[in-house]
Amino acid sequence: MSDISVIGLGKMGAALARCLLRSGLDVTVWNRSLEKTVPLTDLGAEAAENLSKAVAASPILLICISNHDATKVLLEQAGVDLLLSGRVVVQCSSDTPKEAEEAATWMRGRGATYLNGAILAGPDDIGTKDATILFSGDPVAFEASAAALTALGEETVHYLGENVRQASALDLAWLMLIYGKYFSGIHAANICRSEDVALDRLIDLIPDDPWSQGYLEVIRDESFDHHTASLGVWGDALAHIRTQGVDAGINTEIPDFFASFFQKAIDAGYADSHVLALSRVLQKSK
Ligand code: NAP
């Protein structure tokens, strides 16, 4: 038996698995494309041959794939969901508060206890003081998995309580702040370019905001090939924000507006680029 099984070894899932291994836990890993298990087995993880074996290997299952729908389809395959009884499922794939609630019900129906996770950080931050990770849901599930989850950030992992919707809600609100900054930064850079002002002058004006300086440098250098979360992943998260708005009956014009530029960028072939490749479709007037 392992302490924890990690399902999904994309950029974020692999970072979580690496961090758990570093903390000394026994970790089993599984990914749809099996080759992504190799860097983790090199670090001491056990690779499961198939999903059933990954689920059976540990009392705690940490999932980090694209979203909740994909998780449900995956776990229903070949009756894997029948193995969930008695296990703690920690969902770290992003989705909406409503999906979190539905997932909790779905897991309860299969005898599992459930925590919904929200990672407010990039893969490179996992395990550092910058990796805020929120969980909400069954307190029994948090108690049973707290030792493993705090390995992801002793001071930065927070349990928000029994209302399973909370982690996702706070995640979407936090992300919305970042979309605002990205779009403002792109337009600020456009003003500088169009008036022949070096972008470095703008960057120098905000010495107390290294985070914004960093993304303005990405826009300045057009360094869109390297990233820790693709434009496609950011676009999916924006879709969750829009869906939450529809579900909650709030105005969605701001996320709708942002989403139109994501669609343009995806249509132009930037889904696998840095999110700030958005600036490529926002430089010209229409
Ligand atoms: P990614 O690098 O694109 O990896 C996606 C992962 O999901 C891969 O392991 C992929 O498997 C798997 N996957 C996708 N669809 C699947 C399906 N239908 N069945 C089974 N596996 C499937 O994405 P990521 O950046 O790791 O993001 C994963 C989750 O973490 C997302 O929900 C994202 O919102 C969240 N997150 C990411 C970040 C970040 O900075 N990257 C930050 C916070 C939250 P294959 O390898 O076989 O394609």
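Ligands are counted one by one from 1 in listed order, and the atoms in each one are counted from 1 as well. What you see is a predicted model, and the numbers here were worked out from it, not measured in a lab.
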>> Is any side-chain heavy atom of F224 closer than 4.5 Å to one of Y270?
In response: no
> More than 12 foreign heavy atoms under 6.0 Å from CD of E155: is that the case here?
Replying inline: no
What are the polar N/O contacts of ligand 1 with the protein below 3.5 Å, with distances?
unit_1, atom_1, unit_2, atom_2, d
ligand 1, 2 (O), K11, N, 2.9
ligand 1, 9 (O), L9, N, 3.3
ligand 1, 9 (O), G10, N, 3.1
ligand 1, 9 (O), N31, OD1, 2.7
ligand 1, 15 (N), S66, OG, 3.2
ligand 1, 18 (N), R32, NH1, 3.4
ligand 1, 26 (O), K11, N, 3.1
ligand 1, 26 (O), M12, N, 2.8
ligand 1, 32 (O), I65, O, 3.1
ligand 1, 32 (O), S66, O, 3.0
ligand 1, 32 (O), S94, N, 2.9
ligand 1, 34 (O), S94, OG, 2.7
ligand 1, 41 (N), T228, O, 3.0
ligand 1, 46 (O), N31, ND2, 3.0
ligand 1, 46 (O), S33, OG, 3.4
ligand 1, 46 (O), K36, NZ, 2.6
ligand 1, 47 (O), R32, NE, 3.0
ligand 1, 47 (O), S33, N, 3.0
ligand 1, 47 (O), S33, OG, 2.4
ligand 1, 48 (O), R32, NH2, 2.9

> Going by distance alone, is a donor N or O of one side chain under 3.5 Å from an acceptor N or O of the other, for T71 and Q91?
Replying inline: yes
> Sub-3.5 Å donor-acceptor pair from the side chain of S279 to the main-chain atoms of I186, do we have one?
Replying inline: no
> Between D267 and Q263, is any side-chain donor less than 3.5 angstrom from a side-chain acceptor?
Replying inline: yes
> Quick one: which of V246, T243, D247 gives a side chain to side chain contact (heavy atoms under 4.5 Å, CB included) with K98?
Replying inline: D247
